[in-house]
Amino acid sequence: MNDTHPTLCIPELMRILIDLKGLNWNEAWNITQRTMAYTNHTVLPEALEKWSYELMQKLLPRHVEIIEAIDEELVHEILSEYGSLDLNKLEEKLTTMRILENFDLPSSVAELFIKPEISVDDDTETVEVHDKVEASDKVVTNDEDDSGKKTSVKTEAAAEKDIDKKTPVSPEPVVIPPKKVRMANLCVVGGHAVNGVAEIHSEIVKEEVFNDFYKLWPEKFQNKTNGVTPRRWIHFCNPPLSAIITKWTGTEDWVLKTEKLAELQKFADNEDLQNEWREAKRSNKIKVVSFLKEKTGYSVVPDAMFDIQVKRIHEYKRQLLNIFGIIYRYKKMKEMTAAERKTNFVPRVCIFGGKAFATYVQAKRIVKFITDVGATINHDPEIGDLLKVVFVPDYNVSVAELLIPASDLSEHISTAGMEASGTSNMKFAMNGCIQIGTLDGANVEIREEVGEENFFLFGAQAHEIAGLRKERADGKFVPDERFEEVKEFVRSGAFGSYNYDDLIGSLEGNEGFGRADYFLVGKDFPSYIECQEKVDEAYRNQKRWTKMSILNTAGSYKFSSDRTIHEYAKDIWNIEAVEIA
């Protein structure tokens with residue numbers, strides 16, 4: 001089961017085995033658990049679905065019956081594991097782990113939580129207190145100010161009138177939370193294996209997302225780092241590079257046995273290989289130059305660094321951080337003379353590609369923002385070819401096959417701990433693209449394989465994120481002056497008259513929905529722009545840069561989908577390869 005979208009296959013298989021095949025519950029459950037396995041592809045809430053119980057009951061009543069029975073079995077297993085001595089702990093576990101949300105407990109378990117009534121002994125003495133008053137108009141109430149001084153005196157009759165005048169208080173309406181079915185919990189319970197798709201992601205799955213289940217069934221949890229096929233992402237989409245790899249490894253076997261890519265490491269300093277490598281890259285960039293001119297009308301030069309971020313538009317993927325870095329670069333350029341610009345900055349073509357989901361308003365704002373910034377920078381005669389910003393329309397896989405082979409630098413800059421794996425980072429590495437990124441998803445393993453010195457690292461790490469968000473909520477975060485400069489520059493109207501308050505406002509404040517910079521753009525901004533300065537410095541030395549590029553391709557062999565599929569077959573599917581003669 002890839003994420004929670006196909007979770008209904010658990011109750012559906014149970015229904016088939018029990019209702020149609022005549023198996024009893026235990027037999028059907030044993031087969032179902034051994035058949036099903038769950039791969040979590042993201043920790044974002046939209047992939048940990050909660051479905052409406054009411055809707056499911058109307059549409060799939062038999063499946064709901066089965067889910068209720070599975071939930072009841074789970075409740076008893078939790079009770080068996082944790083016992084009833086610590087009822088607070090038991091209640092906490094049940095609240096977190098149950099498949100059914102906002103449901104009463106089964107009666108056999110619910111009685112554990114019934115608190116005994118406190119009885120009053122019959123011979124308890126009742127003490128009546130009588131105020132002694134001399135007359136019916138004697139003082140019974142006194143109002144006092146803050147100092148204790150009496151400010152008014154009221155008779156009993158007057159006090160009764162005050163009571164009559166009081167407006168009756170209506171009780172607060174009781175809000176009954178909707179009943180939900182937690183599909184992710186059902187996946188964990190109903191399958192024999194649960195895996196993440198990168199080492200750091202799988203640790204987050206165990207330690208945070210499903211920690212209670214991991215403690216109950218540690219044997220279920222494992223990692224399967226994603227992969228991509230080199231047959232498509234090198235051999236098909238990058239023929240010039242493919243020919244070079246075959247020439248220098250002495251065989252085309254690398255297409256099926258990607259570990260042979262590692263043989264390029266011993267030639268990384270070879271001048272002839274480096275010259276061929278740069279020429280292949282340039283030929284791919286020339287194709288992109290023509291494509292961008294046709295699709296956007298913008299002219300770019302192939303000798304500039306092609307800095308590319310292609311992925312769906314999402315706040316956690318932080319296209320906003322990228323464009324803020326570009327704006328900072330542009331602002332600094334505008335403050336310099338032409339000679340100073342050439343000394344301090346290498347020419348860049350910054351390319352964005354991706355789609356914003358139809359109802360994701362903030363993502364659409366980001367797209368508009370990028371295009372507005374590009375329209376200003378690309379028509380600035382002072383900047384010329386030193387900086388270009390292009391958003392590629394109608395982004396799709398075919399466009400990716402064109403852009404990735406042409407890339408010099410790729411941006412994988414998500415908030416640490418939020419990207420499960422990523423696969424575009426693997427495709428870029430295979431094509432000799434150097435990456436700037438956080439320690440997130442498969443970035444961690446890519447950096448290990450290609451070498452730390454061949455990866456531009458910045459930003460907070462996953463274990464720091466919760467503390468940084470708390471620091472923000474407590475009002476202790478102080479934004480970098482350069483970050484504030486960029487916001488003010490945008491608000492000055494430098495990129496047009498559109499009001500970007502809703503976009504910029506998401507990066508401000510300390511709390512509230514759509515506020516407080518949840519994805520830590522401001523926090524990571526200083527580290528990001530300083531890392532980009534190191535990128536400029538490295539690119540100026542083309543011999544060094546080309547070596548880094550070769551070593552990225554050589555180190556990418558681990559990220560073949562062939563390796564991933566073999567691991568699934570061996571550890572989860574329990575199937576053996578069939579040898580074809």
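These figures come from a predicted structure and were not determined experimentally.
The backbone N or O of Ala268 sits less than 3.5 Å from a side-chain atom of Gln274, completing a donor-acceptor pair. Here the side chain of Lys364 pairs a donor or acceptor atom with the backbone of Ala358 at under 3.5 angstrom. No donor-acceptor pair closer than 3.5 Å links the side chain of Ser242 to the backbone N or O of Asn238. In this structure, Asn226 contributes its side chain and Thr423 its backbone to no donor-acceptor pair below 3.5 Å. Between the side chain of Ser561 and the main chain of Gly227, no donor-acceptor pair closer than 3.5 Å is present. For Asn454 (side chain) and Asn552 (main-chain N/O), no donor-acceptor pair under 3.5 Å exists by modelled atom type. Of the possible polar contacts, none joining the Ser506 side chain to the Gly514 backbone as a donor-acceptor pair under 3.5 Å is found. Panel note: side chain Asn270, backbone Asp272; a donor-acceptor pair is recorded below 3.5 Å. Checked by atom type and distance alone, the side chain of Asn322 never pairs as donor or acceptor with a backbone atom of Arg318 at under 3.5 Å. Remark: the backbone N or O of Tyr539 is paired with a side-chain donor or acceptor of Gln542 at under 3.5 angstrom.
For the atom pair OG1 of Thr553 and CD1 of Ile245, the computed distance is 5.5 Å after rounding to the nearest 0.5 Å. Atom OG in Ser556 sits 8.5 Å away from atom CD1 in Ile446 (nearest 0.5 Å). Summarising the geometry, atom CG belonging to Leu261 is positioned 9.0 Å from atom OG belonging to Ser560; distances are rounded to the nearest 0.5 Å. With rounding to the nearest 0.5 Å, the separation of CD1 in Ile434 from CG in Asp307 is 11.5 Å. To the nearest 0.5 Å, atom CG of residue Leu387 and atom CG of residue Asp380 are 9.5 Å apart. Interatomic distance, Asn396 CG to Ser398 OG, rounded to the nearest 0.5 Å: 5.0 Å.
Between the side chains of Asn211 and Lys215, at least one donor-acceptor pair of N or O atoms lies under 3.5 Å. Judged by distance alone, the side chains of Glu263 and Trp254 never bring a donor and an acceptor atom under 3.5 Å apart. Between Thr249 and Lys260, the side chains place no donor N or O within less than 3.5 Å of an acceptor N or O (distance only, hydrogens not considered). Using modelled atom types and a 3.5 Å distance limit, the side chains of Asn40 and His201 yield a donor-acceptor pair.
Heavy-atom neighbours of Lys470 NZ from other residues, nucleotides or ligands within 6.0 Å: at or below the threshold of 12. Around the CG atom of Asp394, the shell of radius 6.0 Å holds no more than 12 heavy atoms that belong to other residues, nucleotides or ligands. By the neighbour-count criterion of 12 heavy atoms within 6.0 Å, atom NZ of Lys388 is densely surrounded, having more than that number from other residues, nucleotides or ligands. More than 12 heavy atoms of other shown residues, nucleotides or ligands fall within 6.0 angstrom of atom CD in Glu335. More than 12 heavy atoms of other residues, nucleotides or ligands sit less than 6.0 Å from atom CZ of Phe345. Within a 6.0 Å sphere centred on NZ of Lys295, other residues, nucleotides and ligands contribute 12 heavy atoms or fewer. When the shell of 6.0 Å around CD of Glu537 is examined, it contains 12 or fewer heavy atoms from other residues, nucleotides or ligands.
Between Phe489 and Phe495, a ring centre-to-centre spacing shorter than 6.0 Å is recorded.
Geometrically, Arg365 does not engage Tyr500 in a cation-pi contact, judged by NZ or CZ lying under 6.0 Å from the ring centre and within 45° of the ring axis. A cation-pi arrangement is present between Lys285 and Phe306 under the rule of less than 6.0 angstrom and at most 45 degrees off the ring axis.
A pairwise comparison of heavy atoms in Ile308 and Leu403 identifies CD1-O, 3.6 Å as the closest pair. Smallest separation of non-hydrogen atoms from Trp545 and Val535: CZ3-O, 3.8 Å. Nearest heavy-atom pair across Phe455 and Gly437 is CE2-O, 3.7 Å. Among all heavy-atom pairs drawn from Asn275 and Arg278, the shortest one is OD1-NH2, 2.8 Å. The two residues Gly459 and Ser527 come nearest to each other via the heavy atoms N-OG, 3.0 Å. Shortest non-hydrogen contact noted between Ile465 and Ala416 is CG1-O, 3.4 Å.
Salt-bridge check for Asp536 with Arg329: passed, with a basic side-chain N closer than 4.0 Å to an acidic carboxylate O. Ionic pairing of Arg341 and Glu382 is present here: one or more N-O contacts between side-chain nitrogen and carboxylate oxygen are shorter than 4.0 angstrom. Comment: Glu511 does not engage Arg515 in a salt bridge, judged by the lack of any side-chain N to carboxylate O separation of less than 4.0 angstrom. Look at Glu401 and Arg232 and you find a salt bridge, because one of the NZ, NE, NH1 or NH2 atoms lies within 4.0 Å of a carboxylate O, short of that distance. Salt bridge present: Glu199 and Lys558 bring a charged side-chain N and a carboxylate O closer than 4.0 Å. Look at Glu530 and Arg482 and you find a salt bridge, because one of the NZ, NE, NH1 or NH2 atoms lies within 4.0 Å of a carboxylate O, short of that distance. Taking the charged nitrogens against the carboxylate oxygens, Arg282 and Glu279 have no contact shorter than 4.0 Å, which rules out a salt bridge. Contact check on Arg491 versus Asp501 returns a salt bridge, with a Lys/Arg side-chain nitrogen under 4.0 Å from an Asp/Glu carboxylate oxygen. Using a 4.0 Å cut-off between charged nitrogen and carboxylate oxygen, Lys332 and Glu485 count as a salt-bridge pair.
Considering only heavy atoms from C-beta on, Ile200 stays 4.5 Å or farther from Glu203 through its side chain. When side chains are defined from C-beta on, Leu386 counts as touching Pro347, because their heavy atoms get closer than 4.5 Å. Between Val389 and Ile323 the shortest side-chain heavy-atom distance falls below 4.5 Å. By the 4.5 Å heavy-atom criterion applied to side chains, Asp571 and Asn195 are not counted as neighbours. The closest side-chain heavy-atom distance from Phe559 to Asn425 is not below 4.5 Å. Under the 4.5 Å side-chain criterion, counting only non-hydrogen atoms from C-beta, Tyr360 is in contact with His314. Counting heavy atoms from C-beta outward, Phe213 and Val194 have side chains that stay 4.5 Å or more apart. Side-chain contact check for Tyr518 versus Thr415: every heavy-atom pair is 4.5 Å or farther apart.
Ring-plane geometry between Phe525 and Tyr328 is classed as perpendicular, the angle between the planes exceeding 60 degrees on a 0 to 90 degree scale with a lower cut at 30. The aromatic rings of Phe391 and Phe352 lie parallel to each other, with less than 30° between the two planes, well short of the 60° mark.
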Checklist line | Trp277 and Ile244: CA distance, side-chain angles, deciding distance, side chain to side chain contact (heavy atoms under 4.5 Å, CB included) verdict | finding: CA-CA 7 Å; Trp277 202 270; Ile244 292 170; 4.0 Å; yes

Check: Do Phe458 and Tyr528 pass the ring-ring contact (aromatic ring centres under 6.0 Å, His included) test, and can you show the C-alpha distance, the side-chain angles, and the key distance before you say yes or no?
Finding: CA-CA 6 Å; Phe458 77 95; Tyr528 177 68; 5.2 Å; yes

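Tested against Gln362, the residues Leu503, Leu320, Ile313 include a single side-chain contact (heavy atoms from CB on, under 4.5 Å) partner, Leu503. Each of Gln435, His412, Glu411 was evaluated against Ser424; a single residue qualifies, His412, per the side-chain contact (heavy atoms from CB on, under 4.5 Å) test.
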